[in-house]
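Since the structure comes first, as structure tokens, the remarks are kept for the end.
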Amino acid sequence: MSDEKKIYLPSGPLPAARTGLLTEFDPGTRTLEAGFQIAPQFRSLPVDIVFERDVAVTLRDGVRIHVDVFRPADSEKVPVIVAYSPYGKGQGTSPSVMGIFGLVGLDNSVVSGLEKFEGPDPAFWCAQGYAICNPDIRGVVDSDGDSVLWDRQDGRDCYDIIEWLAEQEWCSGKVGMSGTSYLAATQWFAAAEQPPHLAAINPWEGVSDVYRDLVMRGGMPDTGFARQLQTGSFFGKGRKEDILAEAERYPLMGDLWENKIPDFDRIDVPAYVVASYSNTLHTAGTFRAWRRIAAENKWLRVHNSQEWPDYYDEMNQEDLRRFFDRFLRDEDNGWEQTPRVRYAILDLEGGDQVNVAADQFPPKGVTSMKYYLDGRSRALTAEAPAGEVPVTYAVDSNPNAVSFIMGFEQETVLVGYPKAHLWVEARGADDMDLFVLVQKLDKWGTPLQAFTVPNQSPMAHDLTDHGATILRYKGSDGRLRVSSRHLDRTLSTDDVPAHTFDRVEKLSAGEIVEIDVELLPIGLALHSGEQLRFVISSRNILGTMMPGIEEYVGANRGQHVIHTGGEHASYLQLPIQGDS
């Protein structure tokens, strides 16, 4: 039924900026000798690699796609790692990818240029005894068919690729998946199909629900990055899915969008999941999937930077190699002694802690504490104010926000899931788009933030003063369109509210309603004298996720009223570590 609702538009050829040195269709097998360098700015190969280029693979419905395979040149059977995405398999040397590395401050010499964008580098993995498969998926570049965007169709197609790979004479029969962002999200879909030869996955930051993470976060039609993704990818000979038209035609959760949520209960393969607190596109989805997948053998690492520097870091590649050695090569290497959770505690003043070991997330000893909004003092207090004091702002005024502050007299660590429980009212309107933020202030009241990437140039400052949140962390944020407030009682917990997004409940004049707002997970250290500020606003406080995309402007008018105290005791719930 959901396939019938899909909307398509014509695709087109890969533009020059996204064309790499290996993009041209050129089937055949050749050996790249140790020392080979595809271009001067990239790393050379440490070993001989057999490169099978533009190999045809026929999917179950007869659609033919093409894959590139890089494998060690010796005759030993090896496991293979799949990098599944709509980005051209020869795009690693393209101007666009090199430009993205420059944007975050990565030198192109950390990779060979043979890797798919955001995927595992054959130069490293072939030297460790693994093959890499880079497909041009359905509808992309020279592959046939029409492409889709993060969909269960991806899972079925990837199933077919995995099973085809397992039958190749050079393959050991063990297949894994790895990659960041788009390549992470597709792993949820592939694993949910349970291909027999998929032995392990490594989703490294990626959405897990297209509706909630990409096109309608908080029930708001914020499609800036969806537009960039749709128009800047899925180039090919056929058609591509028009996610923007679908979001406009189907603004409520339904079977189209359900088809773009993987079946988490069927994901039982060993999983090494990597997340961060700071990626406003990926964070919620990665933690959601981590919580919900059925796998008993699952590990979580929460880092303190941005996905690309983290993914290509030498120590992190070695860490991932140990995981794959255990589950793709059956090596008894003690991986199971790796803590099930390793998380970061951000300091925002240069004192971050990383790889803090725990058995779960949030770790044991964390208590969810309510801090009540006091409209009179603008403080966050441990006790609910006895009297009700509403706070009002006009959405077209300056400020169009209200904030509340609490100070800390002793070292305190927040780690886990914050949420906001608010009583709100709209005057002169029947709906509200609310944005919230928890930010750390130093002892002088100055907001603290930190770059997540090595690039801290003047241009990086310009980009991130307002927007480009993936490059600079400013706190834990959340948002909710109040008419989308209906909770999913099955999926909601006391710490993490989940909304159905299947109905619209407009406000009537004078109506005060109760809402729960999910904020992104947090790991934050607060020192004596420092403060925490909680902001509620009608404006998009942080701006865009990515540089250069259209910013969503809240659909607001009139006045917003935040009720505090008395019968309408709004509060911010924070995860406080017990030994703080």
Side-chain angles (χ1 to χ4, degrees), residues 209 211-224 226 244-254 256-257 284 373 375 388-404 419-437 477-489 491-492 497-519 534-544 550-572:
D209 184 322
Y211 185 95
R212 293 174 173 87
D213 297 337
L214 181 67
V215 296
M216 295 292 286
R217 185 180 167 202
M220 302 177 193
D222 184 355
T223 55
L244 300 172
E246 291 170 353
E248 184 175 359
R249 183 175 297 180
Y250 308 110
L252 296 180
M253 176 59 69
L256 174 78
W257 303 113
L373 281 56
E388 182 168 340
V389 178
V391 183
T392 303
Y393 59 81
V395 302
D396 57 357
S397 67
N398 184 9
N400 50 3
V402 59
S403 63
F404 303 83
K419 79 169 183 181
H421 182 89
L422 306 176
W423 292 91
V424 299
E425 175 189 354
R427 293 178 182 167
D430 60 4
D431 210 345
M432 309 165 71
D433 278 358
L434 290 179
F435 301 84
V436 298
L437 176 68
D477 80 307
R479 59 171 70 179
L480 184 69
R481 174 166 284 183
V482 173
S483 61
S484 299
R485 63 189 177 276
H486 187 264
L487 289 173
D488 186 325
R489 299 296 178 182
L491 295 178
S492 292
H499 300 88
T500 61
F501 296 116
D502 62 354
R503 67 199 69 186
V504 176
E505 299 176 319
K506 295 286 190 177
L507 300 173
S508 57
E511 184 180 12
I512 302 171
V513 298
E514 186 178 19
I515 64 170
D516 284 300
V517 185
E518 176 189 9
L519 282 89
F534 177 52
V535 188
I536 306 167
S537 181
S538 63
R539 71 178 183 274
N540 190 349
I541 301 174
L542 295 181
T544 62
E550 182 180 356
E551 180 175 347
Y552 175 73
V553 178
N556 287 308
R557 57 190 174 85
Q559 292 181 320
H560 288 176
V561 184
I562 312 301
H563 289 265
T564 75
E567 295 182 357
H568 299 110
S570 297
Y571 60 82
L572 172 67

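No hydrogens, no waters, no symmetry mates; every other heavy atom, side chains included, goes into these values.
Within the 4.5 Å cutoff, side-chain heavy atoms of Trp257 are placed close to those of Glu246. Using a 4.5 Å heavy-atom cutoff, the side chains of Val424 and Ile536 are not in contact. Counting heavy atoms from C-beta on, the side chains of Tyr393 and Ser538 come closer than 4.5 Å. No side-chain heavy atom of Ser484 sits less than 4.5 Å from a side-chain heavy atom of Met253. Side-chain contact between Leu480 and Leu434: absent, with no pair of heavy atoms (C-beta onward) separated by less than 4.5 Å. Side-chain atoms of Leu487 and His499, non-hydrogen and from C-beta on, do get closer than 4.5 Å to each other. Contact check for Met432 versus Asn556: side-chain heavy atoms found under the 4.5 Å cut-off. Inter-residue side-chain proximity for Asp477 and Phe435 is flagged as unmet; no heavy-atom pair is nearer than 4.5 Å.
Under 4.0 Å is where a charged nitrogen must lie from a carboxylate oxygen, and between Arg217 and Asp222 no such pair does.
Using a distance-only test at 3.5 Å, with no hydrogens or angles considered, no donor-acceptor pair links the side chain of Ser483 to the main chain of Val504. Of the possible donor and acceptor atoms, one in the side chain of Ser492 sits under 3.5 Å from a partner among the backbone N and O of Ala498. Here the side chain of Arg485 pairs a donor or acceptor atom with the backbone of Glu505 at under 3.5 angstrom. Between the side chain of Asn540 and the main chain of Tyr552, a donor-acceptor pair closer than 3.5 Å is present. Side-chain atoms of Asp433 come within 3.5 Å of backbone N or O of Ala555 as a donor-acceptor pair. A donor-acceptor pair under 3.5 Å is absent between the side-chain atoms of Asn400 and the main chain of Asp396, judged by distance alone. A donor-acceptor pair is defined here as one N or O able to donate and one able to accept, closer than 3.5 Å; no such pair exists between the side chain of Tyr211 and the backbone of Ala247. Side-chain N or O atoms of Thr564 include one that pairs as donor or acceptor with a backbone N or O of Val389 at under 3.5 Å.
The distance from atom CD of Glu511 to atom CG of Asp430, rounded to the nearest 0.5 Å, is 10.5 Å. Of the inter-residue distances, the one linking Phe404 atom CZ with Ser570 atom OG reads 7.5 Å to the nearest 0.5 angstrom. Separation of atoms CD (Glu551) and CG (Leu542) is listed at 10.0 Å; rounding is to 0.5 Å. Interatomic distance, Leu373 CG to Leu422 CG, rounded to the nearest 0.5 Å: 6.5 Å.
Annotation for Glu514: atom CD counts as buried by contact number, over 12 foreign heavy atoms lying within 6.0 Å. By the 6.0 Å contact criterion, CZ on Arg249 is open, its count of non-hydrogen atoms from other residues, nucleotides or ligands being 12 or less.
Taking every heavy atom of both residues into account, Ala284 and Asp213 meet most closely at CB-OD1, 4.3 Å. Residue Leu252 comes nearest to Asp502 through the heavy atom pair CD1-O, 3.8 Å, listed as atom of the first residue, atom of the second, then distance. Listed here is the closest heavy atom pair of Ala401 and Arg539: CB-NH1, 3.4 Å. Residue Arg481 comes nearest to Gly219 through the heavy atom pair CD-O, 3.7 Å, listed as atom of the first residue, atom of the second, then distance. For the pair Val517 and Pro497, the tightest heavy-atom approach, listed with the atom from each and the gap, is C-CG, 4.0 Å.
Counting only N and O atoms by type, the side chains of Thr500 and His486 include a donor and acceptor under 3.5 Å apart.
Applying the salt bridge (charged side-chain N to carboxylate O under 4.0 Å, His left out) rule to Arg427 yields the partners Glu425; only residues at least two apart in sequence or on another chain are considered.
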